[in-house]
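One structure is given below, encoded as structure tokens.
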Amino acid sequence: MDIITRDRQYVASTYGRFPVALVKGRGARCWDSEGKEYIDLTSGIGVNSLGFCDPEWAEAVSGQLTTLQHTSNLYYTGPGAALAETLCLRSGMRKAFFGNSGAEANEGAVKAARKWGHARRGPDCHNIVTLKGSFHGRTLAALAATGQDQFHKDFHPFPAGFSYAEPNDISSLESLADGNTCAVMVEFVQGEGGVRALDQSYVDAVAKLCRERDILLIGDEVQTGIGRVGTLFAYERYGVKPDIVTCAKGLGGGLPIGAILFGEKTETTLKPGDHASTFGANPAVCAGALVVLNRLDDDGLRHVNETSKIIRSRLSNIVKRYTGMEPWIGGLGLMIGMDVPYVSAKEVVSAGIRHGALTLTARDRLRLLPPLNITPEETEEALRRLEKAGGSLV
Ligand SMILES: *Cc1c(COP(=O)(O)O)cnc(C)c1O
């Protein structure tokens with residue numbers, strides 16, 4: 001049986017996959033079971049920050065794997081402590097908790113925010129306002145926090161206490177946030193919701209409202225964090241400081257990890273016994289994440305911003321050439337969303353596959369999340385292939 005047949009027979013049918021079985025990768029390039037080469041502009045949905053099988057990352061992970069692969073959180077280990085230190089020093093946050101995914105990080109953030117609210121204003125202070133169009137994960141509380149009805153149907157009842165404000169409209173948040181609100185949770189750039197960056201003035205107003213009404217600001221940086229938008233975290237670009245930050249996707253460079261970062265107000269909220277994760281802070285995963293962070297130094301982040309400019313202007317030119325229209329291109333850094341006129345984003349993704357470039361959609365938009373260290377040569381070749389893919393659709 002080939003890979004695709006076996007998968008279709010035995011793997012639960014939760015994913016609509018493309019008819020491609022990937023077998024190996026290096027840098028931004030990967031190959032399928034037929035030997036066809038692709039340039040990857042997806043990073044496994046924002047996960048492979050350093051591309052496929054980066055040698056330094058792979059060596060750190062495999063070195064740790066042959067030294068000490070897991071201990072449980074009953075003991076101290078070096079990589080987890082070092083990763084927490086690096087994250088705190090570079091984010092300005094005070095403490096880190098490690099889990100295994102974005103949804104799990106957001107669940108922990110919700111728990112911390114509620115405990116903070118209870119201590120602050122009593123047990124009714126447990127409500128969390130999120131934004132319409134947001135995506136916070138697939139577990140029940142993270143799904144309840146997600147402001148998109150399409151993900152909710154069939155799974156009721158949800159944990160109570162979530163409401164959804166209109167993004168970029170502070171009056172909507174003003175009317176939803178009251179004395180029983182413990183937190184406002186936002187993605188600074190909505191990813192799954194269509195790669196839409198929040199307006200600067202809106203983020204300023206949200207931060208001000210949270211300050212004035214004594215409400216925590218939670219930044220869901222699961223997709224935007226770890227260099228993706230050209231700063232280590234998106235909140236830096238906006239000049240605000242959340243009280244809790246969650247991150248996951250790009251942190252492990254391809255291995256599962258999620259982190260909750262706590263600021264001054266929340267660093268001691270969760271006490272021993274309040275929260276835990278069996279697999280959290282896995283030493284091998286943390287060793288890889290340290291390489292990811294070290295590579296995203298000033299030069300690494302500058303590369304993200306420069307590559308972002310090149311890709312955005314070339315995409316715009318390609319669409320203009322074929323359609324005569326200037327496309328909407330959104331997002332920040334190497335989190336890129338684009339409206340494609342005349343055809344569906346899905347058709348562009350399929351054409352990309354035929355021409356050897358892997359891309360994503362976000363709702364009805366084309367979405368690119370290239371590896372953060374994609375080389376100029378890989379970028380150029382990917383754009384050439386996308387241009388051909390576009391040409392095949394007109
Ligand atoms: C992907 C994503 C999540 C969920 O992460 P998982 O690791 O799939 O649980 C949560 N929030 C945002 C903003 C995301 O992009």
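Whatever order the structure lists ligands and atoms in, that order sets their numbers, starting from 1.
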As an exercise, identify every atom of ligand 1 less than 4.0 angstrom from a heavy atom of [X].
X    : answer
K249 : 1 (C), 2 (C), 3 (C), 14 (C), 15 (O)
S101 : 7 (O), 9 (O)
H136 : 10 (C), 11 (N)
Q223 : 15 (O)
N106 : 10 (C), 11 (N)
E187 : 13 (C)
A103 : 4 (C), 5 (O), 6 (P), 9 (O)

For [atom], what's the nearest protein heavy atom and its distance?
atom                    : answer
atom 12 (C) of ligand 1 : F135 O, 3.3 Å
atom 11 (N) of ligand 1 : D220 OD2, 2.8 Å
atom 5 (O) of ligand 1  : G102 CA, 3.3 Å

Any idea how H126 and H118 line up, ring-wise: parallel (<30°), tilted (30 to 60°), or perpendicular (>60°)?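 H126 vs H118 ring planes: perpendicular.
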
Under 4.0 Å from atom 8 (O) of ligand 1, do we find at least one protein heavy atom?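 When distances to the protein are checked, atom 8 (O) of ligand 1 has no heavy atom within 4.0 Å.
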
Hydrophobic cluster membership, V304 vs I45, 4.5 Å side-chain cutoff: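 Linked, V304 and I45 end up in one cluster.
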
Specify the closest pair of heavy atoms between [X] and [Y], including all atoms of both residues, with the distance to one decimal.
X    : Y    : answer
L173 : V129 : CD1-CG1, 3.6 Å
G191 : A362 : O-CB, 3.5 Å
L131 : P167 : CD1-CB, 4.1 Å

If you measure only the distance, is there a donor-acceptor pair under 3.5 Å linking the side chains of E221 and T224?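 Checked: E221/T224 side chains pair up, N/O donor to acceptor below 3.5 Å.
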
Using a distance-only test with no angle check, is there a side-chain donor-acceptor pair under 3.5 angstrom linking N100 and S277?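 Yes, S277 and N100 have a side-chain donor paired with an acceptor closer than 3.5 Å.
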
Are the side chain of H70 and the backbone N or O of S72 linked by a donor-acceptor pair below 3.5 Å?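 Present.
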
Nearest heavy atom to atom 3 (C) of ligand 1 wins, so pick from L369, T146, V222, T246.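 Result: the heavy atom closest to atom 3 (C) of ligand 1 is in V222.
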
